[in-house]
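If you scroll down you'll find the structure; I have some questions about it.
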Amino acid sequence: MRVEHHWWNGDLRVARRDVYIRTDGEHWEVEAQMGGPEGKSKVQQCPGRASAMILADAWRGPRWRWREL
């Protein structure tokens, strides 16, 4: 799967959060990662791009200043 979008909340410490949208052209998934690569992670399969974007927006929430990488 390739990464279509990757957002990061800008924190380098334990509060680091990343949200990814990945696809292989047919299947879509969203991953929310907390605490960097060694932290906790949750992956949700989505039926398409639109639903993946909606879920990624919901998981990011308004609390952080997100940057797309």
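Since this is a predicted model, take the numbers as computed values, not measurements.
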field: Those residues that, when tested against Glu29, pass side chain to side chain contact (heavy atoms under 4.5 Å, CB included) (two or more places apart)
entry: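 Partners of Glu29 under the side chain to side chain contact (heavy atoms under 4.5 Å, CB included) test: Met1, Arg22, Val43, Gln45.
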message: I need the full list of salt bridge (charged side-chain N to carboxylate O under 4.0 Å, His left out) pairs touching residues 50-62, with sequence neighbours left out, sorted by first then second residue.
response: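 Sorted pair list: Asp57-Arg60.
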field: Side-chain (Asn9) to main-chain (Ala15) donor-acceptor, under 3.5 angstrom
entry: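 Such a contact is found between Asn9 side chain and Ala15 backbone.
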query: With sequence neighbours excluded, what pairs up with Arg2 under the salt bridge (charged side-chain N to carboxylate O under 4.0 Å, His left out) test?
result: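 With sequence neighbours excluded, Arg2 shows a salt bridge (charged side-chain N to carboxylate O under 4.0 Å, His left out) to Glu4, given in chain and number order.
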- prompt: What ring pair (Phe, Tyr, Trp, His ring centres under 6.0 Å) pairs are there with at least one residue in residues 27-59, not counting sequence neighbours?
  reply: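 Residue pairs passing ring pair (Phe, Tyr, Trp, His ring centres under 6.0 Å), neighbours aside: none found.
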- request: Not counting sequence neighbours, which residues clear side chain to side chain donor-acceptor pair (under 3.5 Å) with Ser41? List them please.
  value: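 Ser41 satisfies side chain to side chain donor-acceptor pair (under 3.5 Å) with Glu31 once adjacent residues are dropped.
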- request: Tell me who clusters with Tyr20, hydrophobic residues only, linked when side chains sit under 4.5 Å apart either directly or through other members.
  value: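 Besides Tyr20, the cluster holds Val3.
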message: Just to verify, what does Glu38 make a side chain to side chain donor-acceptor pair (under 3.5 Å) with, not counting sequence neighbours?
response: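 Listed in chain order: nothing, the list is empty.
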message: Checking Trp8 now: which residues fulfil ring-ring contact (aromatic ring centres under 6.0 Å, His included) with it, not counting sequence neighbours?
response: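 Once residues adjacent in sequence are excluded, Trp8 has no partner under the ring-ring contact (aromatic ring centres under 6.0 Å, His included) criterion.
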field: Residue pair Cys46 / Val30: nearest heavy atoms and the distance that separates them
entry: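 Closest approach of Cys46 to Val30: SG-CG2, 3.9 Å.
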message: Could you work out, with salt bridge (charged side-chain N to carboxylate O under 4.0 Å, His left out) as the rule, every residue matching Arg49, not counting sequence neighbours?
response: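 For Arg49, no residue satisfies salt bridge (charged side-chain N to carboxylate O under 4.0 Å, His left out) once neighbours in sequence are set aside.
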Counterpart residues, side chain to side chain donor-acceptor pair (under 3.5 Å), relative to Asp18 (two or more places apart):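 Asp18: side chain to side chain donor-acceptor pair (under 3.5 Å) contacts with His6, Arg16.
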- prompt: How would you list, by chain and number, every residue that makes a ring-ring contact (aromatic ring centres under 6.0 Å, His included) with His5, sequence neighbours excluded?
  reply: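 Trp7.
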- prompt: So which heavy atom on Ile21 is nearest to which on Ala52, and how close?
  reply: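 Reported closest heavy-atom pair: CD1-O, 3.7 Å.
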